[in-house]
Structure formats: structure tokens, C-alpha cells
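Computed from heavy atoms alone, side chains included, the values below leave out hydrogens, waters and symmetry copies. Below, read A as the first sequence line, B as the second, and so on, with proteins coming before strands; counting in each chain starts at 1.
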Amino acid sequence: EAQVTQNPRYLITVTGKKLTVTCSQNMNHEYMSWYRQDPGLGLRQIYYSMNVEVTDKGDVPEGYKVSRKEKRNFPLILESPSPNQTSLYFCASSLSLWGPQATEAFFGQGTRLTVV
Amino acid sequence: GIQVEQSPPDLILQEGANSTLRCNFSDSVNNLQWFHQNPWGQLINLFYIPSGTKQNGRLSATTVATERYSLLYISSSQTTDSGVYFCAVCTGTASKLTFGTGTRLQVTL
């Protein structure tokens with residue numbers, strides 16, 4: 001089954017304790033991205049990757065890191081989480097978002113992160 | 001950047017009723033999707049529809065790209081249709097999907 005898998009689904013952590021949210025897709029998609037969703041602010045892009053070893057900042061990259069060492073994986077790293085990073089996080093992948101090869105994006109199940 | 005507005009913001013229906021949700025966007029798009037966010041927070045793909053009309057069971061969608069809007073039709077609504085419906089678009093060489101403000105739907109018995 002074609003899917004985007006995020007782990008963990010739920011996480012409560014303390015301020016300053018490094019954490020990684022994993023994202024994996026099995027569709028051989030080149031494009032992957034992370035979003036966060038907050039009440040009143042909607043979904044905002046954190047980082048994206050056009051292909052292996054190619055990553056770039058989205059709209060709200062501060063406090064986050066990503067890496068794309070393999071095509072299927074795109075982990076989100078919070079080196080020193082703070083309470084304002086409490087949010088619902090989504091990973092997404094697509095063959096391409098634009099041009100003649102534009103296709104739909106698929107989203108993971110979401111990760112609810114609480115930083116206390 | 002592109003603006004994406006959805007209407008109505010909130011909708012309460014009785015089970016069995018039909019509804020139309022609208023998505024207006026301010027620029028040309030080459031990618032438009034409709035999602036349902038269920039009460040557990042999951043984003044479920046409904047349609048990939050940059051233009052034209054598609055149907056899937058009780059749901060159908062139409063995008064008129066030249067007039068910059070898309071419509072999502074829900075017929076014979078069920079309580080499981082409750083949640084928030086988002087449209088999301090991508091323009092030109094943009095690197096992201098821009099999400100609309102959402103329509104919160106509640107279907108009651």
C-alpha cells in the first residue's frame with residue numbers, strides 16, 4: 001500500500017531534549033516536505049526537499065533541521081525543543097507539485113508533539 | 001503569495017442532507033487538492049483536481065481553473081463526514097501546497 005509513515009504519532013517531551021520525528025514514503029517520490037498545523041494559523045511549511053541531498057527552508061524553519069540522505073526518508077529534527085513548537089506535524093510527499101509531472105501530495109498520519 | 005479562501009467557514013447539516021463547499025484562489029494553479037481532516041487529525045486525500053470534474057461515491061468535485069475556484073459536493077451526508085475540509089493549491093514553480101482556511105462540517109443525526 002502506498003503511504004507516508006510518520007513516527008511517533010504522539011510525543012510529550014521536555015524543553016531542550018533533542019528529538020527526531022521520522023518520515024518514510026514507499027512511492028519513490030522525489031519531493032518531500034514538513035508542515036506544522038496550529039489553531040488559527042493553518043498549515044505552514046517548515047522545510048522541503050526536491051531530491052536526495054537537496055533541502056530548503058519553508059515558511060517557518062526556525063528551530064528545526066532536516067536531512068535527506070535517502071529518497072524514502074525525511075526526518076525532522078528538533079535540537080532543542082521549546083513550548084512554542086507544540087503542534088501537529090505532517091510529513092508529505094509527491095512525485096512533483098508542479099509542471100507536466102504534477103501529481104497529488106500524500107500526507108502522513110500526523111505527529112502530535114507537546115513540549116513542556 | 002497566493003490567497004486561498006474557503007466558504008462557508010462552518011456548516012452544520014442533518015444526516016442525509018447535501019452540501020457544497022467552495023474554494024477560491026487568487027492566482028493560476030497547476031495543482032489543487034481537497035482533503036478531509038478527520039476528528040483524529042488525519043489528512044485524507046479526497047481529490048486531486050487541478051481542472052475538470054471528478055466523482056468518488058457520494059463526493060464529487062469541480063475545478064474551473066480559468067475562473068479560479070473549485071467546488072466540493074457532498075451528497076447524502078453521514079456523521080462520518082464530520083471534520084474540516086481543506087483545499088490546497090500549488091502555483092507555477094512554488095515549492096509548497098498553500099492551504100485554504102478550511103470548512104468545518106458537523107453532521108448531526
Turns out that what part of Gln42(B) lies under 4.5 Å from chain A's heavy atoms comes down to both
Closer than 3.5 angstrom, by distance alone: can the side chain of Tyr48(B) be matched with the main-chain N or O of Ala102(A) as a donor-acceptor pair? yes
Any chance you could lay out the side chain to side chain contact (heavy atoms under 4.5 Å, CB included) test for Leu43(B) and Phe106(A), step after step, and finish with the verdict? CA-CA 9 Å; Leu43(B) 281 171; Phe106(A) 293 87; over 6 Å; no
Hey, any chance Ile49(B) and Leu46(B) share a hydrophobic cluster, counting ILVMFWY side chains that come within less than 4.5 Å of each other, even indirectly? yes
Exceeds 12 heavy-atom contacts within 6.0 angstrom, atom CD of Glu15(B): yes
Between Gly110(A), Ser94(A), Ala105(A), which residue shows the highest count of heavy-atom pairs closer than 4.5 Å to chain B? Ala105(A)
Note, Phe90(A) side chain near Gln37(B) side chain (heavy atom, < 4.5 Å): yes
Residues of residues 29-68 of chain A within contact distance of chain B, non-hydrogen under 4.5 Å: Tyr31(A), Tyr35(A), Gln37(A), Leu43(A), Gln45(A), Tyr48(A), Asp59(A)
Which bit of Asn45(B) is near chain A, if near means a heavy-atom gap under 4.5 Å: side chain, backbone, both or neither? side chain
Measuring heavy-atom distances to chain B, does Thr103(A) have an atom under 4.5 Å in its side chain, in its backbone, in both, or in neither? backbone
Proximal component of Phe86(B), with respect to chain A [non-hydrogen, under 4.5 Å]: side chain
Quick check on the hydrophobic clustering: are Leu76(A) and Val4(A) connected, directly or via other members, by side-chain heavy-atom contacts under 4.5 Å? no
Using heavy-atom distances under 4.5 Å, tell me whether Leu97(A) contacts chain B through its side chain, its backbone, both, or neither. both
For residues Phe107(A) and Phe74(A): do they belong to one hydrophobic cluster (side chain heavy atoms under 4.5 Å, members Ile, Leu, Val, Met, Phe, Trp, Tyr)? no
Could you see if Val107(B) belongs to whatever hydrophobic cluster contains Leu11(B)? Use Ile, Leu, Val, Met, Phe, Trp, Tyr and a side-chain cutoff under 4.5 Å. yes
Under 4.5 Å between side-chain heavy atoms, counting indirect links through other Ile/Leu/Val/Met/Phe/Trp/Tyr residues: same cluster for Leu72(B) and Tyr69(B) or not? no
